[in-house]
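Worksheet for the structure shown next.
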Protein chains: 2
Amino acid sequence: MTKANPATSGSAAPGAPAAPGPAGADGTGGTGGTGVRDSSPRARFRGQIRDEAKALALRQLAEGGAQALSLNAIAKSLGMSGPALYRYFANREALLTDLIVDAYHDLAAAMGAALAAAEPAHQPHDRLAGLVTAYRAWAVAEPHRYRLLFRAPLFGYDPQAPALVEASQPAMTVAVEAVTPLLPRSAPPTAAAALATSLWAGLHGLVSLEIEGNFSSMGLDPVPLYDTQVRAILHAAQA
Amino acid sequence: MTKANPATSGSAAPGAPAAPGPAGADGTGGTGGTGVRDSSPRARFRGQIRDEAKALALRQLAEGGAQALSLNAIAKSLGMSGPALYRYFANREALLTDLIVDAYHDLAAAMGAALAAAEPAHQPHDRLAGLVTAYRAWAVAEPHRYRLLFRAPLFGYDPQAPALVEASQPAMTVAVEAVTPLLPRSAPPTAAAALATSLWAGLHGLVSLEIEGNFSSMGLDPVPLYDTQVRAILHAAQA
DNA sequence: TTGCTTTTGTTATAGCCTATAACCAACGAG
DNA sequence: CTCGTTGGTTATAGGCTATAACAAAAGCAA
């Protein structure tokens, strides 16, 4: 877990003319998502610390929710004192954004893997079911990270919205891939997007309720509900 | 808006033996949800101030998200200074819980009204569609309040969980009512709960995506998606 | 009316947090 | 070896939650 592709954000532009404060290195730099393998040993160290910080952040998140995430505490836990961490993350929100982007990457990877694994001879139906299972499994395994994905507007209204929108694309692409073979060939091009969105919405609703304990608190078995969802998508595709 | 039934929480037990600090009246008391009409003029005033505080809180919430809600700022905005507000709300979380409970009440009321309005001669299908429309309309009209409902775990892990679970019941009850007549008479008693949950999950997923702008950012019209959801529930009910 | 109790407000404080400033040490390329 | 970049430190400014201690106002009872 916590591995993500170095997709976003290149290293910091080194042309910055002696910015004041500990924001000298504006915190944006370092290795993109989490990739530790980078050119200079300097950058490697940097990436490593960033990763440790992120890991600690995830722990805080898992234990106390988003409000419990404290740069200060992370820094102290890392052995460095307070403001030092601002050398690595521009601010609290930047760290959160990073975590969100990582989570999107991982979720998309899990979905893609499920789709690829079912590839060979399986029916489209089975591929879809596999995708659903993978999505659910990922969310249930790390609910705090799943929550992160759909709570962005909560902390900071308009954050790095573009980065987040971009990060969410791969998962959507996988959903479209899973859904396209279900449609008749005469379907209009927007149909796949619409169906994938229906799928996503249904899944998200189920997962949301499940990870907040709404099923167990009602004594309901989630599995048949997910099955129903799969059948509903198949039905909608053929209608 | 912001009207809710005085359902929960009676007035503070006046027997408390001289508790220290401004928590003398433990902040729990006052008029329940929002009902200003209460016995003594004292209590009326109290309820009034609580209401104003809540209104300000909702404004903060609408503008800056949950993290922007500050008791301090509310108090100052109310003309009183800082800690005074702790006479009215035990702490930040208590205020949030109150807002959540109110929101649940209002949502349930909106749903119930939709169901009642469609009552006379309409088909079960139309009643269901009306319910869906009402749910969506409520959420879209006040997204910040809708978010509140499903974000409880985010601020404070284990808050007044029982109060929240209890508050969510009426809405669920309405959903069950809407769904029951769709089922064949031979259906087992759990079927209605399961179907209502499916409905709720589907709706929640769609609404979540819609209020976070995922549809408009993809150029999708939400309406057909909600229609699909209605049809899916009808289909599931007859299967 | 007088006097006690409850309620509600005040200021002072402790503690935590984000974030910036100013300064210093170490690293590493040239 | 030298000097700029990078990473770390302490000091500081605000802001917030929440409690403590105290003072005034309101209500109730005798």
Side-chain angles (χ1 to χ4, degrees), chain A residues 11-30 38-50 52-53 57 60 64 66-96 155-156, chain B residues 11-30 39-50 53 57 60 64 66-96 155-156:
Chain A
S11 8
D26 65 350
T28 306
D38 205 332
S39 50
S40 59
R42 203 90 187 236
R44 176 145 51 196
F45 228 77
R46 182 176 182 78
Q48 195 170 324
I49 291 196
R50 279 175 64 93
E52 288 179 41
Q60 290 190 351
Q67 71 157 14
L69 188 147
S70 146
L71 288 196
N72 231 328
I74 292 174
K76 279 200 282 189
S77 219
L78 268 172
M80 57 177 85
S81 214
L85 205 55
Y86 284 80
R87 297 283 185 195
Y88 297 89
F89 299 93
N91 51 37
R92 203 187 113 106
E93 211 171 295
L95 171 55
L96 273 171
F155 25 77
Chain B
S11 12
D26 65 349
T28 306
S39 50
S40 59
R42 202 90 185 234
R44 176 146 49 197
F45 227 76
R46 182 177 181 78
Q48 196 170 322
I49 292 196
R50 279 174 64 94
Q60 288 190 353
Q67 70 155 16
L69 186 148
S70 147
L71 289 196
N72 230 328
I74 293 175
K76 280 200 283 190
S77 220
L78 268 172
M80 57 177 83
S81 213
L85 205 54
Y86 284 80
R87 297 283 185 195
Y88 297 90
F89 299 93
N91 51 36
R92 203 187 113 107
E93 212 171 294
L95 171 55
L96 274 170
F155 24 78

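Chain letters run A, B, ... following the sequence lines, proteins first and then strands; every chain starts at 1.
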Notebook entry, point to check: What nucleotide among C/dT20, C/dG9, D/dT19 has an atom nearest to a side-chain atom of B/Tyr86?
Noted result: D/dT19

Notebook entry, point to check: Counting side-chain heavy atoms from C-beta on, which of C/dA19, D/dT17, D/dC22 comes nearest to A/Arg92?
Noted result: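 Selected nucleotide (nearest to the side chain): C/dA19.
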
Check this one for me: any side-chain N or O of [X] less than 4.0 Å away from OP1 or OP2 of [N]?
X: A/Arg46; N: D/dG7; result: yes
X: A/Tyr88; N: D/dG8; result: yes
X: B/Ser70; N: D/dG15; result: no
X: A/Ser81; N: D/dG8; result: no

In whole Å, I'd like the distance from the [atom1] atom of [X] to the [atom2] atom of [N].
X: B/Phe45; N: C/dT6; atom1: CZ; atom2: C1'; value: 17 Å
X: B/Lys76; N: C/dG9; atom1: NZ; atom2: P; value: 17 Å
X: B/Leu71; N: C/dC17; atom1: CG; atom2: C1'; value: 16 Å
X: B/Leu95; N: D/dC16; atom1: CG; atom2: P; value: 15 Å
X: B/Phe89; N: D/dT19; atom1: CZ; atom2: P; value: 16 Å
X: B/Arg44; N: D/dA26; atom1: CZ; atom2: C1'; value: 16 Å
X: A/Leu85; N: D/dT9; atom1: CG; atom2: C1'; value: 14 Å

Could you tell me which non-hydrogen atom of [X] sits nearest to which non-hydrogen atom of [Y], and how far apart they are?
X: A/Ala73; Y: A/Gln60; value: CB-NE2, 3.4 Å
X: B/Asn91; Y: B/Tyr86; value: CA-CE2, 4.1 Å
X: B/Ala53; Y: B/Leu85; value: CB-CD1, 4.3 Å

Notebook entry, point to check: Closest nucleotide of DNA chain D for B/Asn72 versus for A/Ile49: which of these residues is on the 5' side?
Noted result: A/Ile49

Is there any protein nitrogen or oxygen under 3.5 Å from a nitrogen or oxygen in nucleotides 26-30 of chain C, and what are the pairs?
none

Next item on the list: Please examine the side chains of B/Arg87 and B/Ile49, heavy atoms only from C-beta on, and report whether any two atoms are closer than 4.5 Å.
Entry: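 Result no, sub-4.5 Å side-chain heavy-atom pair not found.
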
Item checked: Spacing of OG belonging to B/Ser81 relative to CG belonging to B/Asn72, to within rounding of 0.5 Å ->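 Interatomic distance, B/Ser81 OG to B/Asn72 CG, rounded to 0.5 Å: 7.5 Å.
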
Notebook entry, point to check: Just how far is it from atom CD of A/Gln67 to atom CG of A/Leu69, taken to the nearest 0.5 Å?
Noted result: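 So the CD of A/Gln67 and the CG of A/Leu69 are separated by 10.5 Å.
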
Check: Is there a donor-acceptor pair under 3.5 Å between the side chain of A/Arg92 and the backbone N or O of A/Leu71?
Finding: no

